[in-house]
Amino acid sequence: MDHTLPQPYSAPPEGHVSHSRLERVLRSGRFAITAELNPPDSADPADVYEAARPLGEVADAINATDASGANCHMSSIGISALLTRAGYSPVYQISCRDRNRIAIQGDVLGAAAMGVSNVLCLTGDGVGVGDQPGAKPVFDFDSLSLLRTIKTMRDERRFLSGRTIKNPPQLFLGAAENPCIPPYDWRPERLAKKVEAGAEYIQTNYIYDVPLFEKFMARVRDLGLDKKVYILAGVGPLASARAARWMRSNVPGIHVPDAVIDRMEKAEKPGQEGKKICIELIQQMREISGVSGVHVMAYRKEHEVSEIIRESGILASRKR
Amino acid sequence: MYRIRLFAIRHSRSFEWIYKRLESAMIALDPVLAKIGYDRVERPVAFVEKCVKTVLFDCKMCGQCVLSSTGMSCPMNCPKQLRNGPCGGVRPGGFCEVKPEMKCVWALAWDGASRMKGGAQIHTVLPPVERNLEGSSSWLRVSREKAAHLREAREKRRTAIADAFPGARANEPSAAPLAEEPAQAVKGSK
């Protein structure tokens with residue numbers, strides 16, 4: 001893994017912007033694996049490490065979500081700091097929903113000082129879908145102005161105010177994309193805009209509709225974006241047909257085609273079937289030109305992640 | 001109001017034309033406005049601007065109007081006030097995640113931009129809104145900024161924010177302003 005931290009400040013390797021393992025894997029052309037950690041509702045570090053263990057076995061980086069779905073859990077910066085201490089490489093997710101530019105720019109420096117080397121810039125779900133819908137939505141930045149801001153901090157060594165940063169944060173910059181929801185035609189254009197804003201890698205939302213994703217990727221290749229940004233396709237095991245339907249109607253931005261739900265419905269062991277679908281998806285993603293890795297989001301099924309990755313066979317094709 | 005807003009987006013090309021004319025007029029007026037004092041005209045112009053744009057675009061008077069870069073669909077009507085494109089929560093049929101009865105402001109924006117001559121401006125990354133400019137006149141800011149933009153070639157001094165978003169500075173200078181702000185335009189400056 002990266003290194004056990006805090007480490008003294010030092011320059012990143014030649015041709016790299018950070019000390020990130022994920023960046024090294026992607027730049028060397030290996031198929032990357034990232035996985036999402038289910039953040040605990042607890043102040044005990046042991047709960048974080050327990051959640052990280054099954055992911056750390058196979059993942060190049062572990063995503064620490066920032067109150068996803070507008071539900072409150074342990075903060076992404078807290079989880080990220082704990083993970084670096086144990087030698088894991090976290091992806092520090094930053095949502096624009098809860099903090100303004102003053103807080104975020106400060107947190108970016110703090111996270112980098114704690115050994116974080118990957119960030120993922122997100123807009124964030126609206127507060128209305130979460131467990132505290134009365135909260136004040138901030139959205140001072142959007143994901144693109146946030147990307148450009150962190151890029152400015154890193155490359156120009158200054159805050160948006162113009163004040164100089166002595167030692168800039170060395171961060172590998174990521175953003176999200178959601179290829180399977182409207183406006184379909186503009187999604188690749190929006191990806192181009194994210195690259196323009198500073199994104200160096202992309203983690204997509206769940207993809208269950210492979211033909212739709214392939215159409216998106218064809219356009220991405222036409223625009224030459226696959227040469228400019230590393231794309232990690234989002235996958236995850238479904239628990240049951242009922243859970244899939246619930247996700248589709250209650251979680252913003254999730255598209256599950258009827259065919260997949262049908263297949264779950266007909267399965268004798270839905271849990272096994274969900275896993276099987278996920279493995280097949282990973283294998284399909286591996287074959288799509290321009291896809292540089294997978295991002296596994298196994299909500300409440302973190303223990304299955306290493307098995308899913310091993311059974312998919314993607315590890316065999318790369319030297320670790 | 002929502003229906004008029006949709007009308008404006010459907011006719012984005014015409015409104016783009018009108019806006020271009022208005023902009024030229026405002027730039028031409030810069031010396032006059034400067035003489036009268038931008039501070040003195042700020043409130044009356046902001047009032048007129050608010051009346052017109054609220055009817056046409058459901059304007060929220062952010063003070064940093066970017067309609068020409070957003071297909072004439074005002075991004076401040078997005079519940080997340082996104083300035084750079086749709087979020088990842090757009091519902092089937094292109095409806096808003098937060099207000100399901102409303103069409104996604106950004107799906108409409110891209111649609112509107114596809115009909116505009118300068119529609120490609122939608123690809124330019126825009127900075128966050130300066131909240132202390134809320135309620136002030138964007139028209140006057142355009143006049144000042146475009147005039148300042150013309151002088152910029154001579155002036156070397158640039159602020160960090162305008163430097164960090166050079167595309168936005170060129171297309172929508174009021175989104176990354178450089179010219180001196182009159183006291184009336186900036187909240188809490190007195």
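Naming: A, B, ... by sequence-line order, numbering from 1 per chain. A quick note: this is a predicted structure, and the numbers were derived from the prediction, not measured.
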- prompt: What residue in A:Glu196, A:Arg187, A:Lys194, A:Arg163 has the most heavy-atom pairs under 4.5 Å with chain B?
  reply: A:Arg187
Partner chain B: residue of A:Pro137, A:Pro183, A:Ser143 with the largest heavy-atom pair count (under 4.5 Å): A:Pro183
message: Quick check for you: among A:Ala197, A:Ser145, A:Ala192, which has the greatest number of heavy-atom pairs under 4.5 Å with chain B?
response: A:Ser145
query: So with a 6.0 Å cut-off around CZ of A:Arg242, is the heavy-atom count from everything else above 12?
result: no
query: Between B:Gly167, B:Pro128, B:Ala168, B:Gly89, which residue shows the highest count of heavy-atom pairs closer than 4.5 Å to chain A?
result: B:Pro128
statement: d(A:Arg190 CZ, B:Trp106 CH2) to nearest 0.5 Å is 8.5 Å
query: Is it the backbone or the side chain of B:Thr124 that comes under 4.5 Å from a heavy atom of chain A, or both, or neither?
result: backbone
query: Is a donor on one side and an acceptor on the other found under 3.5 Å between the side chain of B:Arg83 and the backbone of A:Asp142?
result: no
query: For B:Ala164, does its backbone N or O pair with a side-chain atom of A:Arg148 as donor and acceptor, under 3.5 Å?
result: yes
field: A:Arg101, part contacting chain B, at a heavy-atom distance under 4.5 Å
entry: side chain
Side chain / backbone / both / neither for A:Ser161 at chain B, heavy atoms under 4.5 Å: backbone
message: Check this for me: B:Arg21, atom CZ, are more than 12 non-hydrogen atoms of other residues, nucleotides or ligands nearer than 6.0 Å?
response: yes
query: Got A:His255 and B:Pro92 here, is their nearest side-chain heavy-atom distance under 4.5 Å?
result: no
statement: Separation between SG (B:Cys87) and CZ (A:Phe139), nearest 0.5 Å, reads 7.5 Å
Within 6.0 Å of NZ in B:Lys60, more than 12 heavy atoms from elsewhere: yes
- prompt: Between atom CD1 of B:Ile122 and atom CD of A:Glu189, what is the distance when rounded to the nearest 0.5 Å?
  reply: 9.5 Å
query: Which heavy-atom pair separates A:Gly126 from B:Val98 by the least distance, and what is that distance?
result: CA-CG2, 4.3 Å
Flag if over 12 foreign heavy atoms under 6.0 Å of OH, B:Tyr2: yes
message: Has B:Arg91 got a side-chain atom pairing as donor or acceptor with A:Pro182's backbone, closer than 3.5 angstrom?
response: no
query: Of the backbone (N, CA, C, O) and the side chain (C-beta and beyond), which part of B:Pro127 lies under 4.5 Å from a heavy atom of chain A, both, or neither?
result: backbone
field: Proximity breakdown for A:Ala176 and chain B, heavy-atom pairs closer than 4.5 Å
entry: neither
- prompt: When you measure from the side chain of A:Lys193 to the backbone N and O of B:Asn84, does any donor-acceptor pair fall under 3.5 Å?
  reply: yes
- line: Looking only at B:Gln81, B:Lys80, B:His123, most heavy-atom pairs under 4.5 Å shared with chain A are made by B:Lys80
message: Assess the residue pair B:Phe165 and A:Leu160 against the criterion (side-chain contact (heavy atoms from CB on, under 4.5 Å)); give the C-alpha distance rounded to whole Å, side-chain angles, the decisive distance to 0.1 Å, and a yes or no.
response: CA-CA 10 Å; B:Phe165 300 85; A:Leu160 269 195; 4.1 Å; yes
message: Given heavy-atom pairs under 4.5 angstrom as the criterion, report whether the side chain, backbone, both or neither of A:Arg97 touches chain B.
response: neither
field: Neighbour count >12 (heavy atoms, 6.0 Å) for atom CD1, A:Ile102
entry: no
message: Taking A:Asp125's backbone N and O only, do any of them form a donor-acceptor pair with B:Glu97's side chain (distance below 3.5 Å, no angle check)?
response: no
- prompt: By a 4.5 Å heavy-atom criterion (distance strictly below it), what part of B:Leu126 contacts chain A: side chain, backbone, both, or neither?
  reply: backbone
